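Just so it is clear, the structure is predicted and the values come from calculations on it, not from any experiment.
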Amino acid sequence: MVLLILASSILLIGAGLCLLPTRNAARARVAIASQVLATALVLAVALPVLFGAPELSAKLPWAYPVGIFRMRLDALGAFFLVWSLPMTLLGSLYAVGYMRPHFKGPRHLGVHFALLNLTSISFVLVYTGEHALIFLLGWEVAALAAWLLVIWDYTNQKVRFAGFNYLVSTHIGLIFLVAAVMILYTHAGTWYLGDFGVWLHANPGPLRNAIFLLLVTSFGLKSAFFPFHSWLPRAHAAAPAHVSALMSGVIHKAGLYALVRFVLLIGRPDEWMGWFLIGFSVCSALIGGLYTVGQRDLKRLLGYSSTENVGIAGIGLGVGCLGLTWGLPTLAALGFAGGLLHILNHAFFKCQLFYAAGAVYQTTHTVDMERLGGLSRLMPWTGVFFLIGGVAISALPPLNGFASEFVIYSSLFDKGSFDIWAKLSLCAVAAALAFVGAVSALSITRAFGVVFMGAPRDPTLPDAHEVNRWMLLPMGLHAVGSVVLGVVPAAGFALVSGPVALLLGVAPSTPNATLERISASLSRIGAISAVLLAGVLLVLWWRSRVPLRPAQSGPTWGCGYGNINTRMQYTGASFSNDFSRRFRSVMVLLQRKKAPLGYFPEDSYVITDCVDAVERRLYAVIGHGDESATRISNNLHEDDPRFAFAAALVALLVIATLVRLAGGPL
């Protein structure tokens with residue numbers, strides 16, 4: 001643990017040095033250097049624990065009423081640490097290239113890089129905090145750092161609103177989390193998570209159920225589960241690309257970590273908890289997937305796909321909870337392994353996709369898909385990396401998204417000895433998951449086809465070109481990770497086997513037949529994926545070596561149009577129009593249009609937007625409430641002293657009643 005504390009100190013010192021009055025390039029170098037050192041130290045500590053070494057712990061005496069700060073690193077925390085800090089480092093490298101146009105400007109980039117360091121510190125606090133206050137401190141540091149990173153372009157009103165939306169949402173989640181922690185502290189008598197677990201394990205009933213719902217609400221807001229997702233697409237659309245990547249792929253995985261941690265503390269969840277998680281997650285996956293199809297903003301599309309993918313991971317975690325409840329270790333292992341593996345895989349391909357979207361934005365100054373097109377010829381590496389990420393997020397072989405979803409499907413079709421109605425319900429969940437996969441493939445095909453294929457749609461955009469190496473390197477490393485974890489999925493399973501063993505109640509270093517069977521099955525899947533990948537590469541190699549016959553050209557039939565232009569291509573809206581019309585009850589489509597007038601119309605357009613129904617309804621309710629409060633206030637005559645006296649009297653009566661009901665003296 002000394003090395004973890006040293007790593008946190010290095011990150012904190014690096015953040016402080018970033019604020020010194022020096023050149024922006026020097027500030028970036030200091031941040032990168034501190035993150036490299038800290039990441040190396042964290043990996044040196046976390047990797048042995050992940051692969052079976054004893055847990056680590058540390059104590060730090062503090063004043064009353066805090067007591068003793070405790071930190072503990074087990075296999076679950078180590079699993080999240082071994083990829084969270086390296087990916088934050090890659091995000092910082094990407095930021096160097098993305099922010100390069102501002103290096104010689106008046107903006108103080110040291111603050112931005114210091115916030116990235118603080119984000120890494122928050123991971124150490126959250127994933128090792130055994131004291132509830134350390135956990136909450138890390139939780140809040142991550143939230144505030146992410147908010148300040150989101151509002152980088154704070155002069156833009158839309159960016160400020162997106163940041164405010166995120167800040168409010170994340171602190172509503174914090175309120176629910178603090179409420180659950182205070183209830184646990186009241187009954188357990190300590191601040192330590194281990195003691196919380198003892199009380200939760202020994203006291204099933206309505207109070208534990210209420211705590212579970214409070215925690216799921218808090219973690220759902222953090223990870224952007226439906227219907228708590230409305231802040232996500234706005235924040236991703238507003239933030240710089242590396243911030244969006246880190247938020248979606250890394251930062252908000254803390255919500256899923258906390259969910260698994262409290263499941264571990266509970267020990268054996270009630271059956272309804274598992275079914276609740278599955279239902280909650282299926283709704284997130286379905287709604288998030290559907291909304292990706294209607295988006296014209298590339299980063300909003302990727303934001304909604306994050307809601308979809310946390311839902312997919314949540315399905316696996318819910319099945320794992322059912323396995324613990326029913327005493328079926330195979331079902332529990334498959335569920336938790338699939339959920340945790342998908343969390344890891346999603347971090348790889350989602351960061352990769354956001355980085356590619358950021359590259360598109362930097363060269364064209366827009367992510368509006370209806371204005372883009374033909375970028376694969378101008379940005380070949382970015383196009384390849386986006387395609388790899390798109391295949392992975394669609395759960396297609398031979399990439400990593402297929403491997404994790406295969407494990408989740410295996411859990412849903414497990415032939416364990418449980419009720420036939422439960423088996424039918426899990427089969428229905430599998431059908432919903434298959435539909436989500438098809439929708440994801442549709443949306444990513446639409447995005448890649450419209451943005452990278454065809455011809456440029458808007459001649460007013462600047463000429464696109466490939467981005468610098470600082471931006472290509474993180475994309476390439478994430479692409480390599482997506483390929484390796486798809487072709488060698490047993491390597492990914494080796495990373496999650498320690499946390500899964502912990503959840504099953506066995507030592508991570510102890511051989512387990514259930515985990516070995518899953519690993520063997522994934523090895524066979526990896527072999528098939530490797531053959532498929534080799535076949536694809538062989539075909540590409542053959543096409544590159546064999547000269548193609550010159551194509552014959554001739555006039556194209558233009559359906560009566562003599563002057564074909566780029567506006568006659570498929571747009572994103574037209575590509576998904578038939579699908580969107582079938583789901584109009586869920587996808588709210590708004591159109592702005594100007595009809596052509598006269599024989600020779602000059603200015604006409606149709607703009608289709610898919611708006612968030614939850615956000616739309618939320619602001620409608622807030623607006624109605626504000627109007628109602630205004631009418632009541634006008635009718636009550638607040639300047640009348642009799643009203644103030646009556647309000648105070650009512651407040652005193654309510655307080656006295658509450659004290660009396662609590663059994664205290666008046």
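When all heavy atoms are compared, the tightest approach of V250 to W83 is CA-CZ3, 4.3 Å. Nearest heavy-atom pair across P54 and V49 is O-CG2, 3.8 Å. Here the shortest heavy-atom pairing between G274 and C321 reads CA-CB, 3.9 Å. Residues A142 and I251 come closest through the heavy atom pair CB-CG2, 4.4 Å.
For the pair V141 and I121, the minimum side-chain heavy-atom distance is 4.5 Å or more. By the 4.5 Å heavy-atom criterion applied to side chains, I211 and L215 are counted as neighbours. Taking the side chain as every heavy atom from C-beta outward, F493 and P489 never approach each other to under 4.5 Å. You'll find the side chain of F212 reaches within 4.5 Å of the side chain of I266, heavy atoms only. Side-chain contact between V282 and I315 is present, with heavy atoms from C-beta onward closer than 4.5 Å. Residues Y185 and T190 are not in side-chain contact: their nearest non-hydrogen atoms beyond the backbone lie 4.5 Å or more apart. For the pair L118/L12, a side-chain contact is recorded, criterion being any heavy-atom separation below 4.5 Å from C-beta on. Between L76 and Y127 the shortest side-chain heavy-atom distance does not fall below 4.5 Å.
A salt bridge does not link E130 to R70: none of the charged side-chain nitrogens sits closer than 4.0 Å to a carboxylate oxygen. Classification of K423 and D414 as a salt-bridged pair fails, no side-chain N sitting under 4.0 Å from a carboxylate O.
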Worked check of side chain to side chain donor-acceptor pair (under 3.5 Å) between K350 and S306: CA-CA 8 Å; K350 182 49 66 66; S306 294; 3.0 Å; yes
H342 vs S404, side chain to side chain donor-acceptor pair (under 3.5 Å): CA-CA, chis, key distance, verdict: CA-CA 5 Å; H342 196 73; S404 53; 2.9 Å; yes
Evaluation steps, side-chain contact (heavy atoms from CB on, under 4.5 Å), between I5 and V124: CA-CA 9 Å; I5 296 174; V124 177; over 6 Å; no
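Distance check, rounded to the nearest 0.5 Å: CG of L41 to CG of L11 gives 9.0 Å. Distance check, rounded to the nearest 0.5 Å: CG of L207 to CG of L200 gives 9.0 Å. Here the straight-line distance linking atom CG of L144 with atom OG1 of T170 works out to 8.0 Å at 0.5 Å rounding. From K253, atom NZ reaches atom CG of L340 across 12.0 Å, with rounding to the nearest 0.5 Å. Put simply, OG on S248 and CG on L232 are 6.5 Å apart, with the number rounded to the nearest 0.5 Å. In this structure, the separation between CZ on R261 and CG on L193 is 7.5 Å, given to the nearest 0.5 Å.
Formation of a donor-acceptor pair under 3.5 Å by the S169 side chain with backbone atoms of N165 is found in this model. Panel note: side chain S284, backbone G311; no donor-acceptor pair is recorded below 3.5 Å. Looking at S440, its side chain never comes within 3.5 Å of a backbone N or O of V436 through a donor-acceptor pair. For S84 (side chain) and F80 (main-chain N/O), a donor-acceptor pair under 3.5 Å exists by modelled atom type. Checking side-chain atoms of S223 against main-chain N and O of H252 turns up a donor-acceptor pair under 3.5 Å. Distance alone, capped at 3.5 Å, places no donor-acceptor pair between the W199 side chain and the D195 backbone. T307 places a side-chain N or O within 3.5 Å of a backbone atom of A224 that can act as its donor or acceptor partner. Side chain of Y304 to backbone of I287: no donor-acceptor contact under 3.5 angstrom is found.
A tilted orientation is assigned to the rings of F219 and W139, their planes being inclined by 30° to 60°. Classified by interplanar angle (parallel below 30°, tilted 30° to 60°, perpendicular above 60°), the ring pair F349/H346 is perpendicular. Taking the six-membered ring for Trp and thresholds of 30 and 60 degrees, H478 and F348 have ring planes more than 60 degrees apart, a perpendicular arrangement. The aromatic rings of F280 and F225 sit parallel to each other, their planes meeting at less than 30°, with 60° as the upper class boundary. Aromatic ring orientation, F69 versus H131: perpendicular (interplanar angle above 60°, classes split at 30° and 60°). The aromatic rings of W272 and F276 sit perpendicular to each other, their planes meeting at more than 60°, with 30° as the lower class boundary.
Environment of OH in Y192: crowded, with over 12 heavy atoms of neighbouring residues, nucleotides or ligands closer than 6.0 Å. No more than 12 heavy atoms of other residues, nucleotides or ligands sit less than 6.0 Å from atom CZ of F176.
Taking the centre of each ring, H236 and F354 come in below the 6.0 Å mark. Proximity of the aromatic rings of H171 and W231 is defined here by a centroid distance below 6.0 angstrom, and this criterion is not met.
Paired with N345 under the rule side-chain contact (heavy atoms from CB on, under 4.5 Å), one option of I393, N400, N309 passes, and it is N400.
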